[in-house]
J.: 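Sharing a structure, written as structure tokens. Questions coming.
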2 protein chains.
Amino acid sequence: MNLKELATKLGLSPTTVSRALNGYPEVNEATRERVMAAAKRHNYRPNTRAIRLATGRALAIGHVIPLATRHEIMNPIFADFIAGAGETYSRNGYDMLLSVVPDEDEEKAYRDLKSRGSADGVILHAPRMNDPRIPLMHEIGIPFVVHGRATATAEPYSWVDVNNRRAFQRATEFLLDLGHARIGLVNGLEFMDFAIRRRTGYADAHAARGLQLDPALMSSDEMTEIAGFRAATAMLDLPDPPTAFLVASMISGMGVRRAIEGKGLTMGKDVSVIIHDDDLSYLRNGEDVPIFTATRSSVREAGRIAAEMLLAIITQHGEEPQNRLLEAELIIGQSTGPAPRRT
Amino acid sequence: MNLKELATKLGLSPTTVSRALNGYPEVNEATRERVMAAAKRHNYRPNTRAIRLATGRALAIGHVIPLATRHEIMNPIFADFIAGAGETYSRNGYDMLLSVVPDEDEEKAYRDLKSRGSADGVILHAPRMNDPRIPLMHEIGIPFVVHGRATATAEPYSWVDVNNRRAFQRATEFLLDLGHARIGLVNGLEFMDFAIRRRTGYADAHAARGLQLDPALMSSDEMTEIAGFRAATAMLDLPDPPTAFLVASMISGMGVRRAIEGKGLTMGKDVSVIIHDDDLSYLRNGEDVPIFTATRSSVREAGRIAAEMLLAIITQHGEEPQNRLLEAELIIGQSTGPAPRRT
DNA sequence: TTGAAAGCGATACCAC
DNA sequence: GTGGTATCGCTTTCAA
């Protein structure tokens with residue numbers, strides 16, 4: 001059932017039917033109702049392909065996933081973001097286009113999205129310092145919103161980010177308040193923007209109390225279990241090991257846990273651990289005791305907000321860049337309570 | 001730059017240019033080369049929207065993600081599958097459409113995909129026993145491939161699956177060979193097809209040796225950390241606890257590990273653990289010793305194969321249903337070596 | 001081997 | 001208010 005057929009059935013012109021369906025004001029209310037009813041009755045759905053061609057809009061938002069950073073898509077955080085954004089797209093009649101491409105084809109993927117007209121805008125993930133994609137988007141001329149920020153980028157752009165610095169600062173302060181003097185930081189790779197901000201938060205908390213940073217307690221590596229394990233093990237082997245850890249992700253957190261276990265220590269007893277980007281619970285006596293619920297829901301909200309921002313830019317195009325900084329939830333239960341000092 | 005402009009520049013008709021670009025045989029080779037060169041020089045990309053309308057094809061494959069099973073998208077397995085499928089789509093000029101919809105709108109999402117013409121086919125994820133989506137796809141009349149199988153579905157359909165039964169059978173046999181007599185099964189929810197098959201594999205291995213199954217050692221629950229923790233804890237509290245675990249997923253594996261740790265036991269020493277769908281390594285003395293690399297790469301391959309199958313169905317349409325059963329890799333290192341018997 | 005022209009199914013401008 | 005018609009950019013007969 002297409003527009004023409006429906007129009008014929010109603011004894012109206014396609015023009016009028018189209019207008020009635022799209023809420024144009026000049027249509028007679030009685031006519032509109034007849035049209036609406038008929039459309040529903042015949043289960044009419046306008047052909048998206050035709051709308052796209054006629055309007056010149058793609059009605060789709062692109063997300064490019066370079067394959068080498070495939071762990072990004074695996075990252076629960078990424079999935080939460082996608083879920084939030086996806087909801088918004090569906091609600092607004094937009095499609096979500098996922099382009100999985102080999103690393104070296106990333107730039108081409110963005111260019112194609114634009115030149116073949118398959119997306120009206122894109123969302124950039126996991127920005128780095130001085131990310132080349134931002135000038136690229138400007139050059140290509142495609143509306144975009146960044147999930148995160150790209151330090152050292154001069155041009156203005158729209159972004160939605162979680163306050164990583166603040167989250168790590170608060171977590172560090174929490175541990176310092178518990179009496180920990182040596183806190184190990186198990187961070188992600190510090191060319192990723194968010195990792196830089198997290199380290200800054202950790203450093204700020206120390207600075208505010210006049211505490212020196214010990215480089216031996218600050219690691220930066222992939223957010224994988226093996227990296228987390230190695231970093232934590234190395235720190236625990238120090239003559240003056242940390243009594244607490246602040247870990248950047250659920251995955252590296254698994255490695256940290258294993259390192260602690262490997263040393264015959266117990267989490268929440270010998271060593272306190274705060275894991276960012278985790279919504280898991282620390283379990284004690286079979287009860288759930290949350291230690292750190294950081295950004296799961298914030299990230300989903302970030303996805304929603306980024307999508308709304310992008311759709312607004314696209315439809316009422318030409319807006320000034322907008323920015324949104326979200327605070328991560330911080331829920332800490334008693335199981336992180338003061339760890340026995342080991343010195 | 002569109003087809004018409006390019007044709008004008010070349011002094012040819014759009015028809016000829018189109019034919020040259022699309023590899024039609026009747027085009028003069030010299031002409032074709034001129035056209036190709038010009039297209040490249042002017043960076044011509046055909047407008048997908050127009051192609052879609054003209055050909056009546058969507059050039060896109062849909063994946064519907066109901067929101068209530070959002071953990072599915074978070075599941076690394078799902079991500080691997082998507083990565084594999086996505087590669088195939090890109091290579092063949094297809095787009096991947098991800099529809100994130102509220103649970104109750106799932107059926108509508110599939111219907112819209114068809115009636116609005118935004119996908120030429122779909123891939124179904126996480127089939128259940130007697131999955132209603134399979135008759136739905138037939139009713140809607142949209143080509144589809146299932147990732148997994150739906151027990152008790154009479155109608156034929158195309159699927160790609162990993163041999164879950166066999167993987168669990170082999171893992172169980174491996175543990176039995178090590179001398180374990182009591183092996184705890186921490187399985188997913190057994191209305192999911194794959195979970196049923198996994199339990200069957202576990203049971204088959206026991207049956208082959210004339211061993212009785214102990215229901216107290218077989219749990220079935222969500223594949224979450226808390227569920228894994230509870231299941232493993234309950235089993236370890238038995239008068240005759242298991243000396244080994246076979247765990248369905250990386251996530252529930254985290255709970256199992258924690259349960260073991262909580263009892264003051266050590267993985268790989270007091271208790272052997274095999275975790276399915278995990279590509280992590282068990283770490284001992286700082287070295288990586290793989291315990292069980294099950295399906296990560298197989299799942300990615302499954303994504304590739306499912307996508308290829310679907311594209312084949314769509315283009316040379318009307319094929320008989322095809323099926324592919326992939327064997328999971330099974331890599332076991334020495335750290336799972338015989339656990340000291342605890343009885 | 002090439003080209004003219006009719007779709008594909010909507011939108012949107014211009015008359016009436 | 002409603003309808004005729006050009007248009008979006010390509011594919012695909014049908015002729016030449």
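Keep in mind it's a predicted model, so treat the numbers as computed, not measured. Every chain is numbered from 1 and lettered A, B, ... according to where its sequence line falls, protein lines coming before strand lines.
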J.: From the set C:dA4, D:dC10, C:dA10, return the single nucleotide nearest to any side-chain atom of A:Ile51.
T.: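 My answer, after comparing the listed nucleotides, is C:dA10.
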J.: Quick check on C:dT11: is either OP1 or OP2 less than 4.0 Å from any side-chain nitrogen or oxygen of A:Ser18?
T.: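 True: A:Ser18 side-chain N/O within range (under 4.0 Å) of C:dT11 OP1/OP2.
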J.: If I take atom OH in residue A:Tyr44 and atom C1' in nucleotide C:dA10, what distance separates them, rounded to the nearest angstrom?
T.: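 After rounding, the gap between these two atoms is 7 Å.
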J.: Applying a 4.0 Å non-hydrogen cut-off, can you work out what B:Thr15 is touching in the nucleic acid: base, sugar-phosphate, or nothing?
T.: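 The answer is base, as B:Thr15 lies within the cut-off (heavy atoms under 4.0 Å) of a base atom.
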J.: I need the CZ-C1' distance between B:Arg52 and C:dG7, as an integer number of Å.
T.: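 Between C1' of C:dG7 and CZ of B:Arg52: 19 Å.
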J.: If only side-chain N and O atoms of A:Ser13 are considered, is one of them under 4.0 Å from the OP1 or OP2 phosphate oxygen of D:dT2?
T.: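 For A:Ser13, the contact criterion (side-chain N or O under 4.0 Å from OP1 or OP2 of D:dT2) is not met.
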J.: If I take atom CZ in residue B:Arg34 and atom P in nucleotide C:dT1, what distance separates them, rounded to the nearest angstrom?
T.: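 Rounding to the nearest Å, CZ of B:Arg34 and P of C:dT1 are 15 Å apart.
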J.: Check step by step if side-chain contact (heavy atoms from CB on, under 4.5 Å) holds for B:Leu21 and B:Met36.
T.: CA-CA 7 Å; B:Leu21 257 23; B:Met36 294 291 227; 3.8 Å; yes
J.: Grab the CD-P distance between A:Glu26 and C:dA15 for me, whole Å please.
T.: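 After rounding, the reported distance stands at 16 Å.
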J.: Would you say C:dT2 has OP1 or OP2 under 4.0 Å from some side-chain N or O of B:Tyr24?
T.: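 No, no such contact exists.
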J.: Is the phosphate of C:dT1 approached by B:Thr31 (side-chain N or O, under 4.0 Å from OP1 or OP2)?
T.: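 No, because none of the side-chain N or O atoms of B:Thr31 sits under 4.0 Å from OP1 or OP2 of C:dT1.
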J.: Nearest-Å distance, CG (A:Asn47) to P (D:dC8)?
T.: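 Taking CG of A:Asn47 and P of D:dC8, I get 19 Å after rounding.
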J.: Identify whether any heavy atom of A:Arg49 sits under 4.0 Å from a base atom; if not, whether one sits that close to sugar-phosphate; answer base, sugar-phosphate or nothing.
T.: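 A:Arg49: no heavy atom of the nucleic acid under 4.0 Å.
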J.: Select base, sugar-phosphate, or nothing to describe what B:Arg19 touches, counting heavy atoms under 4.0 Å on all strands.
T.: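 Base contact.
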J.: Classify A:Thr48 by what it touches in the nucleic acid, base, sugar-phosphate, or nothing, heavy-atom distance under 4.0 Å.
T.: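 The residue A:Thr48 makes no contact with any strand.
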J.: Has B:Tyr94 got a side-chain atom pairing as donor or acceptor with B:Asp120's backbone, closer than 3.5 angstrom?
T.: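 Answer holds: no.
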J.: Which residue is it: A:Lys114, A:Lys108, A:Glu106, A:Glu107? I am looking for the one with a side-chain contact (heavy atoms from CB on, under 4.5 Å) to A:Tyr110.
T.: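 Going through the options one by one, the only one that passes is A:Glu106.
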J.: I need the CG-P distance between A:Asn2 and C:dT11, as an integer number of Å.
T.: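 Answer to the nearest Å: 12 Å.
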J.: Whole-Å distance between D:dG1 P and A:Leu21 CG?
T.: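 Whole-Å distance recorded here is 18 Å.
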J.: Minimum heavy-atom separation for A:Val100 and B:Ile82, please, with both atom names.
T.: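 Distance-wise, the nearest heavy atoms are CG2-O, 4.2 Å.
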J.: Using modelled atom types and a 3.5 Å cut-off, is there a donor and acceptor pairing between side-chain atoms of A:Arg57 and backbone atoms of A:Ile51?
T.: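 Side chain of A:Arg57 to backbone of A:Ile51, a donor-acceptor pair under 3.5 Å: no, none is there.
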J.: Identify which nucleotide among C:dA10, C:dG3, D:dT2 has an atom closest to any side-chain atom of A:Leu3, counting heavy atoms from C-beta outward.
T.: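 For A:Leu3, the side-chain atoms sit closest to C:dA10.
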